[in-house]
Amino acid sequence: MADITDNLTLYLPFDESNGSAKAYDYSSGRHDGTVDNATFKQGTVGNCVHFDGNGAVDIPSNMVNL
């Protein structure tokens, strides 16, 4: 039987340490995002990403073959 994670296209939990320039993708494709003008801080469970209105996480545009 297939594992549900076998079909994930993108999984970004945004649990990195503050100062990280990457948001790591834990799917099999490993399409890590580049963090721009955002920080990671303590969340309810683990860390979370904090955007102040100007930030973004850029993900490679070629991650899904249509």
Side-chain angles (χ1 to χ4, degrees):
M1 181 178 282
D3 186 344
I4 193 168
T5 59
D6 292 344
N7 296 318
L8 287 177
T9 302
L10 187 67
Y11 175 46
L12 300 168
F14 295 117
D15 193 27
E16 284 67 47
S17 299
N18 193 26
S20 178
K22 292 276 184 195
Y24 293 100
D25 175 18
Y26 290 94
S27 72
S28 61
R30 292 302 312 222
H31 300 288
D32 299 336
T34 303
V35 177
D36 184 29
N37 290 322
T39 58
F40 292 94
K41 58 194 249 180
Q42 182 66 43
T44 302
V45 177
N47 288 337
C48 65
V49 66
H50 173 74
F51 298 102
D52 66 0
N54 297 313
V57 175
D58 294 317
I59 301 165
S61 61
N62 61 350
M63 61 179 269
V64 177
N65 184 6
L66 300 176

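The two residues Cys48 and Gly43 make their nearest non-hydrogen contact at SG-CA, 3.9 Å. Contact detail for Glu16 and Phe40: the closest heavy-atom pair is O-CB, 3.3 Å.
Formation of a donor-acceptor pair under 3.5 Å by the Ser27 side chain with backbone atoms of Thr9 is found in this model.
Residues Gln42 and Asn47 form a side-chain contact, since some pair of their non-hydrogen atoms from C-beta on lies under 4.5 Å apart. Here the side chains of Asp25 and Tyr11 are in contact, with some heavy-atom distance below 4.5 Å.
Contacts of Asp32 classified as salt bridge (Lys or Arg N to Asp or Glu O under 4.0 Å), with partners at least two apart in sequence or in another chain: Arg30.
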Taking distance alone, no hydrogens or angles, what donor-acceptor pairs closer than 3.5 Å link side-chain atoms of residues 51-59 to residues at least two apart or in another chain?
| unit_1 | atom_1 | unit_2 | atom_2 | d |
| --- | --- | --- | --- | --- |
| Asp52 | OD1 | Asn54 | N | 3.1 |

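Other residues, nucleotides and ligands contribute more than 12 heavy atoms inside 6.0 Å of the NZ atom of Lys22.
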